[in-house]
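A short worksheet on the structure shown next.
Below, all heavy atoms of this structure are taken into account, side chains as well, without hydrogens, waters or symmetry copies.
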Amino acid sequence: MYLAKDKIIALFLILSAVSTTVYLLMLGWYNVLTLDDYSCVANVDHAGVFGFVSEMYLFWQGRWSAFTVDALYYKIWGHASNLISFTLVQLFIGYVTVYCLAKKIIPEGTKVILSCSSIIFVNLALMALQEISTFYWLCCPHYILCVWAFMWLCNMLFLTNQYRWWHVLVIVIMSLYLSGLAETISPLVIMVLGIKWLYNIFKYKRYNFVKQPHDRYLTISLIVLCLGFLVMLFAPGNEHRADAMNNQGFMHNFVLSTFCYKWCKATAILFLRFVSKSLYYIAAAVVAAWIGYVYRTNSKLTAYALNVKQMAYLIGGLLLFFAISVAPCVFAMGWYAPPRSFSYMSFVFAFCAVWIGFSLGAKYLNQLVVNLVTAVVCGCICILSCIWIVKEQPTVSGYHAWVMKCRADIQEKIDIGDNSPYIAEKYEFPAELKTYSRMCKMVGKDRVEYQYPYMLFDLTTDSNFWKNASVKNYMNAHFEIIGWSEPKD
């Protein structure tokens with residue numbers, strides 16, 4: 001248990017958790033629909049959830065479980081003036097997931113420490129995303145939800161001692177969701193759980209893999225995952241997607257040497273991009289180090305602490321997993337795909353940093369160092385969060401007001417029956433948000449994509465281009481909508 005003298009650090013944790021959450025919620029308050037959202041919402045309104053999923057599966061891509069959840073999200077938030085409730089739900093799911101997992105691992109932990117630590121972990125991992133817009137884009141919740149689904153699945157499979165019917169239900173639902181999520185994610189889930197399954201067989205000689213409850217439910221999970229992945233893999237829409245992408249991947253013309261070259265290059269570049277976010281992982285590790293020190297007298301808990309050799313193995317395993325994770329993207333698309341496809345890696349890096357930090361605090365660091373460093377890091381987090389809340393609010397509120405004005409102008413033309421073309425005024429966006437959630441410049445400007453917290457609303461000079469047509473269908477307009485940018489995919 002932590003002592004009274006540690007309460008000042010607990011206060012720093014509370015302030016860090018609150019300030020970072022307010023920062024993320026402030027961005028969520030001014031978030032609106034953009035790009036693909038308009039066409040997807042229009043399709044769901046027209047065809048319903050089942051019709052939308054069927055159309056996407058047959059004519060675009062096989063990600064059936066991702067499309068199902070996306071369609072439900074479109075039903076709920078498809079016509080909202082802002083997406084603050086969407087942000088709240090996303091954050092709440094993450095906080096509860098990490099808290100429940102932490103409570104299983106640290107049953108003696110106080111609610112304050114575990115709650116604040118869970119919130120800080122989630123917030124820092126989100127800020128470390130390669131594209132923070134992934135978190136706020138309504139058509140991309142699966143890139144974040146997959147992390148929470150995998151955590152719940154591991155919680156049920158490995159940290160549950162007495163199984164009830166709802167445990168099994170959660171295992172099946174999470175397995176189904178993860179099986180049809182994405183070609184870049186589902187195989188990795190199968191690989192990780194498959195390695196654990198084989199480890200149980202050969203390490204513990206448990207050849208009857210249905211006798212023990214943990215083995216039985218792990219086997220069920222793997223079967224569901226594999227079947228759902230096959231359903232995704234052989235979807236008719238995958239061919240349409242490949243044709244639309246001009247077959248940029250290696251699925252049709254595989255050349256081993258070219259694949260290996262692109263794989264190594266993509267892995268190196270993407271790894272540098274994650275290294276540029278290392279400050280977030282270090283901050284998470286510092287908080288974990290304090291927790292490790294506070295509970296270092298708990299023998300059950302310190303059993304999770306690693307020694308130096310084990311930390312080296314963990315880092316090596318992380319690098320190997322990272323390299324493997326890039327391979328499916330390079331195979332399917334010829335490169336490492338949009339950085340949002342690797343949103344889960346932000347949480348993997350954060351988890352490894354937390355494990356290392358906890359181990360250092362539990363075994364090697366003294367109280368003065370832990371308390372001082374934790375106070376400084378949490379203080380910096382609070383100060384930076386408050387500064388950028390104030391500095392960024394005018395920028396994102398201006399963007400929100402402009403998008404809503406465009407939609408209001410289109411609606412006004414519809415209401416008065418004016419079918420003349422609507423010509424949208426261009427909004428001058430700042431090149432970047434100068435926040436600590438931006439990409440660092442250390443990997444070179446030519447490889448860095450400065451992003452708004454949102455995927456930007458965009459209309460082209462071609463009224464028939466998909467962006468313009470999507471907004472037209474969404475608004476049920478009968479006139480042309482013309483923008484400012486040149487049409488390009």
Side-chain angles (χ1 to χ4, degrees), residues 1-3 5-24 94-95 98-99 101-102 105-106 109-129 274-298 301-302 304-308 310-312 314-315 318 345-388 435-438 440 442:
M1 297 295 294
Y2 71 102
L3 304 176
K5 59 185 177 182
D6 297 314
K7 288 185 177 180
I8 186 66
I9 305 299
L11 178 60
F12 273 104
L13 292 181
I14 294 173
L15 293 175
S16 297
V18 171
S19 60
T20 51
T21 302
V22 171
Y23 171 75
L24 293 174
Y95 296 158
V98 176
Y99 175 83
L101 191 62
I105 298 173
I106 315 176
T110 64
K111 291 183 179 180
V112 172
I113 290 180
L114 293 185
S115 298
C116 292
S117 301
S118 299
I119 291 172
I120 292 171
F121 171 84
V122 172
N123 291 351
L124 290 177
L126 289 173
M127 292 174 182
L129 292 173
F274 274 98
V275 169
S276 71
K277 298 284 191 173
S278 56
L279 285 177
Y280 305 103
Y281 310 132
I282 293 173
V286 169
V287 174
W290 182 76
I291 295 175
Y293 179 83
V294 169
Y295 295 101
R296 70 192 310 173
T297 58
N298 187 318
L301 188 57
T302 53
Y304 293 106
L306 306 175
N307 56 39
V308 175
Q310 291 170 328
M311 291 181 199
L314 177 64
I315 294 173
L318 172 64
M345 283 302 306
S346 177
F347 293 88
V348 174
F349 274 87
F351 171 77
C352 292
V354 164
W355 199 354
I356 291 174
F358 172 82
S359 301
L360 292 174
K363 287 191 171 185
Y364 301 104
L365 301 180
N366 61 51
Q367 183 181 24
L368 178 62
V369 171
V370 171
N371 286 348
L372 181 60
V373 174
T374 304
V376 170
V377 168
C378 289
C380 290
I381 290 175
C382 295
I383 293 172
L384 286 172
S385 295
C386 294
I387 290 175
W388 296 121
T435 84
Y436 69 102
S437 63
R438 70 177 182 176
C440 297
M442 62 181 295

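Here the straight-line distance linking atom SG of Cys382 with atom OH of Tyr23 works out to 14.5 Å at 0.5 Å rounding. To the nearest 0.5 Å, atom CG of residue Leu384 and atom SG of residue Cys380 are 6.5 Å apart. Taken from CG in Leu318 to CE in Met345, the straight-line distance is 5.5 Å, to the nearest 0.5 Å. Residue Ile120 holds its CD1 atom at 5.0 Å from CG of Leu13, rounded to the nearest 0.5 Å.
The side-chain contact (heavy atoms from CB on, under 4.5 Å) check on Val377 picks up Ala283, Val286, Val373, Ile381, with sequence neighbours excluded. Tyr95 meets the side-chain hydrogen bond (donor to acceptor under 3.5 Å, both in side chains) test with Thr21, Asn123; sequence neighbours excluded. Contacts of Tyr281 classified as ring pair (Phe, Tyr, Trp, His ring centres under 6.0 Å), with partners at least two apart in sequence or in another chain: Phe349. Applying the side-chain contact (heavy atoms from CB on, under 4.5 Å) rule to Ile14 yields the partners Val18, Val112, Cys116; only residues at least two apart in sequence or on another chain are considered.
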Derivation of the side-chain contact (heavy atoms from CB on, under 4.5 Å) call for Ile291 and Ile106:
CA-CA 10 Å; Ile291 295 175; Ile106 315 176; 4.2 Å; yes
Residues Tyr293, Thr374; criterion side-chain contact (heavy atoms from CB on, under 4.5 Å); working and verdict:
CA-CA 11 Å; Tyr293 179 83; Thr374 304; over 6 Å; no
Test side-chain contact (heavy atoms from CB on, under 4.5 Å) on Tyr295 and Thr302 and set out the steps.
CA-CA 8 Å; Tyr295 295 101; Thr302 53; over 6 Å; no
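A donor-acceptor pair under 3.5 Å links the side-chain atoms of Ser16 to the main chain of Cys378, judged by distance alone.
Side chains of Ile119 and Tyr99 form no contact here, defined as non-hydrogen atoms less than 4.5 Å apart.
When every heavy atom of Phe347 is checked against every heavy atom of Leu129, the shortest pair comes out as CE1-CD2, 4.4 Å.
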Give every donor-acceptor pair under 3.5 Å between a side-chain atom in residues 351-365 and any protein atom, sequence neighbours left out.
unit_1: Trp355; atom_1: NE1; unit_2: Tyr304; atom_2: O; d: 2.7
unit_1: Ser359; atom_1: OG; unit_2: Leu306; atom_2: N; d: 2.8
unit_1: Ser359; atom_1: OG; unit_2: Trp355; atom_2: O; d: 2.8

